[in-house]
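Computation of the quantities below employed the complete heavy-atom set of this structure, encompassing side-chain atoms and omitting hydrogens, waters and symmetry-equivalent molecules. We count residues from 1, following the sequence as given.
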Amino acid sequence: QVQLIESGGGLVQAGGSLRLSCAASGRTFSRYGMGWFRQAPGKEREFVATINWSGGSTYYADSVKGRFTISRDNAKNTVYLQMNSLKPEDTAVYYCAAERTGNYRINQYGYDYWGQGTQVTVSS
């Protein structure tokens, strides 16, 4: 069992930056592929970014490519999402997720564990 706890959300003006963190419990974090997803009010949850177990492979949604960076520190059991040049349309609850094969994964239904989410609000 893996528990995921997100932090780092908040209110920021358009053009600003935030860094989200997702801390994982357990000794097997380095084996998991990790992903970030988000859900805006009234919308479906959508993929944002994903990273494989080693950090050597990443993939991004087109809407965030070039602005967001996913990374991980396996020694700290933590995955990060650096968000730059934020836009009002980035406003959402952001969730991190873990999947047991160690691969990066775009489809949310392939993930085994989810955090509770952290709110990101970008004002115009």
Side-chain angles (χ1 to χ4, degrees):
Q1 189 77 5
V2 173
Q3 291 187 319
L4 304 172
I5 301 176
E6 302 97 336
S7 62
L11 174 64
V12 63
Q13 288 189 330
S17 298
L18 284 174
R19 188 176 81 155
L20 305 184
S21 299
C22 173
S25 65
R27 296 176 292 176
T28 58
F29 174 78
S30 62
R31 300 179 188 176
Y32 289 88
M34 301 296 295
W36 285 98
F37 294 79
R38 66 187 182 186
Q39 188 168 20
K43 295 188 176 181
E44 302 268 327
R45 187 161 58 187
E46 65 176 4
F47 165 75
V48 175
T50 181
I51 189 167
N52 75 332
W53 67 274
S54 69
S57 296
T58 59
Y59 193 84
Y60 297 91
D62 287 343
S63 59
V64 306
K65 201 172 295 182
R67 300 188 297 123
F68 291 11
T69 303
I70 188 171
S71 62
R72 66 189 296 159
D73 185 339
N74 287 341
K76 295 183 178 180
N77 281 14
T78 302
V79 63
Y80 303 98
L81 186 68
Q82 178 66 45
M83 306 186 295
N84 298 329
S85 302
L86 283 161
K87 304 175 182 180
E89 51 263 44
D90 295 318
T91 295
V93 177
Y94 283 70
Y95 299 90
C96 73
E99 67 88 69
R100 289 175 287 191
T101 71
N103 297 316
Y104 69 80
R105 189 176 298 276
I106 299 169
N107 188 334
Q108 61 179 303
Y109 299 106
Y111 284 85
D112 302 292
Y113 305 103
W114 291 84
Q116 294 300 305
T118 186
Q119 177 70 46
V120 171
T121 303
V122 184
S123 63
S124 56

(Q) Show, in sequence, the C-alpha distance, side-chain angles and deciding distance for Arg100 and Arg31, and conclude whether the side chain to side chain contact (heavy atoms under 4.5 Å, CB included) test is met. (A) CA-CA 7 Å; Arg100 289 175 287 191; Arg31 300 179 188 176; over 6 Å; no
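- Note: the hydrophobic cluster containing Val122 also contains Tyr94 (ILVMFWY, side chain heavy atoms under 4.5 Å, direct or indirect links).
- The side chain to side chain donor-acceptor pair (under 3.5 Å) check on Gln116 picks up nothing, with sequence neighbours excluded.
- When the ring-ring contact (aromatic ring centres under 6.0 Å, His included) test is applied to Phe37, the partners found at least two apart in sequence or on another chain are Phe47, Tyr111, Trp114.
- Nearest approach of Ala24 to Val2, heavy atoms of both residues: CB-CG1, 4.2 Å.
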Could you tabulate the donor-acceptor pairs under 3.5 Å formed by side-chain atoms of residues 55-64, not counting sequence neighbours?
unit_1: Tyr60; atom_1: OH; unit_2: Ile70; atom_2: N; d: 2.9
unit_1: Asp62; atom_1: OD1; unit_2: Lys65; atom_2: NZ; d: 3.1

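- Among residues two or more places apart in sequence or in another chain, the side chain to side chain donor-acceptor pair (under 3.5 Å) test is passed with Gln39 by none.
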Q: Apply side chain to side chain contact (heavy atoms under 4.5 Å, CB included) to Tyr95 and Leu4, showing your working.
A: CA-CA 9 Å; Tyr95 299 90; Leu4 304 172; over 6 Å; no
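- Residues in residues 3-23 take part in these side-chain hydrogen bond (donor to acceptor under 3.5 Å, both in side chains) pairs, two or more places apart or across chains: Ser17-Asn84.
- Smallest separation of non-hydrogen atoms from Val79 and Met34: CG1-CE, 3.8 Å.
- For Asn74 against Arg72, the heavy-atom pair with the smallest separation is OD1-NE, 2.8 Å.
- Pairing each heavy atom of Ala92 with each of Arg38, the nearest pair is CB-CB, 3.8 Å.
- The hydrophobic cluster containing Ile51 also contains Phe29, counting ILVMFWY residues as joined when their side-chain heavy atoms lie under 4.5 angstrom apart, directly or transitively.
- Closest non-hydrogen pair, Leu81 versus Ala49, comes out as CD1-CB, 4.2 Å.
- Between the side chain of Arg45 and the main chain of Val93, no donor-acceptor pair closer than 3.5 Å is present.
- Legend: residues meeting side chain to side chain donor-acceptor pair (under 3.5 Å) with Ser30, ordered by chain and number and at least two apart, are absent.
- Closest approach of Leu20 and Met83 over heavy atoms only: CG-CE, 3.7 Å.
- Taking a 6.0 Å sphere around CZ of Phe68, one finds it holds more than 12 heavy atoms contributed by other residues, nucleotides or ligands.
- The backbone N or O of Thr91 lies less than 3.5 Å from no partner atom in the side chain of Thr121, so there is not a single donor-acceptor pair.
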